[in-house]
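Chain identifiers are assigned alphabetically (A, B, ...) following the order of the sequence lines, protein sequences preceding nucleic acid strands; residue numbering begins at 1 within each chain.
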Amino acid sequence: MAYWLMKSEPAVYSWEQMAGDKKTVWSGVRNHQAANNMKAMKPGDRAFFYHSNDGREIAGIVKVSRPYHSDPTDTSGKFGMVEVTAEKPLKKPVALAEIKAQPQLRNMALVRQSRLSVSPVTAAEWVAICKMGGIQP
DNA sequence: GCCAACGTTGGC
DNA sequence: GCCAACGTTGGC
């Protein structure tokens, strides 16, 4: 069981839409590092749903419901996608500023590589953020 | 709106 | 294979 973080601009696709849709495919990723992270995902893995740009906070949790497979929006055939299902919102969204203020979270991929749209999360980071978000890990 | 980080492209 | 130019992401 691994943990991840997936970014979305709320103006494009928000947590509210994610929760309404129940599940969605994470298409459109065109970065190899992000794609490799999705490749490593297994059904049942969980990911934080992060609002980038406008919001800058973790809003909810999704679960991987289908492993990496080809992305029909990529005509080159190089990139794939996973399918994720909304699990639950955080009781209290966790802002990027709060994450940066926590010494034990300073090494998060989210902080260190701000442009990476799909990044790994360690078990310790997962637990700490769930606690900050007011939910059970 | 600005800019840092970083990926990609293309000339050589 | 190197590197300058350029485009994009995303925080501030």
Using atom types as modelled, flag every donor-acceptor pair under 3.5 Å from a side chain in residues 118-126 of chain A to any protein atom, sequence neighbours excluded.
{"from": "A:Thr122", "atom 1": "OG1", "to": "A:Glu125", "atom 2": "N", "distance (Å)": "3.1"}
{"from": "A:Thr122", "atom 1": "OG1", "to": "A:Glu125", "atom 2": "OE1", "distance (Å)": "3.3"}
{"from": "A:Glu125", "atom 1": "OE1", "to": "A:Thr122", "atom 2": "N", "distance (Å)": "2.9"}

> Which whole-number value in Å describes the distance from A:Arg56 CZ to C:dC12 C1'?
Replying inline: 7 Å
>> Can you list, by chain and residue number, the hydrophobic cluster partners of A:Leu116 when the side-chain cut-off is 4.5 Å?
In response: none
> When the distance from NE2 of A:His32 to C1' of B:dT9 is rounded to whole Å, what number comes out?
Replying inline: 13 Å
> When you check the phosphate oxygens OP1 and OP2 of C:dG10, does a side-chain N or O of A:Lys7 lie under 4.0 Å from one of them?
Replying inline: yes
> Side chains of A:Thr73 and A:Arg30: does their closest heavy-atom pair fall under 4.5 Å?
Replying inline: yes
>> Within the 4.0 Å limit for protein heavy atoms, which parts of nucleotides 3-8 of chain C are touched? Write it as a string from 5' to 3', B for base, S for sugar-phosphate only, - for none.
In response: ----BB
>> For the NE2 atom of A:His51 and the CD atom of A:Glu57, what is their distance to the nearest 0.5 Å?
In response: 7.0 Å
>> For C:dT9 and A:Tyr50 - does any side-chain N or O of the residue sit under 4.0 Å from the phosphate oxygens OP1/OP2?
In response: no
> What integer distance in Å separates A:His51:NE2 from C:dT9:P?
Replying inline: 17 Å
> Side chains of A:Leu110 and A:Leu105: does their closest heavy-atom pair fall under 4.5 Å?
Replying inline: no
>> Taking atom NZ as the centre, does A:Lys88 end up with more than 12 heavy-atom neighbours from other residues, nucleotides or ligands that are less than 6.0 angstrom away?
In response: yes
> Expressed in angstrom and rounded to an integer, what is the separation of A:Leu110 atom CG from C:dC12 atom P?
Replying inline: 10 Å
> Whole-Å distance between C:dG11 P and A:Glu98 CD?
Replying inline: 15 Å
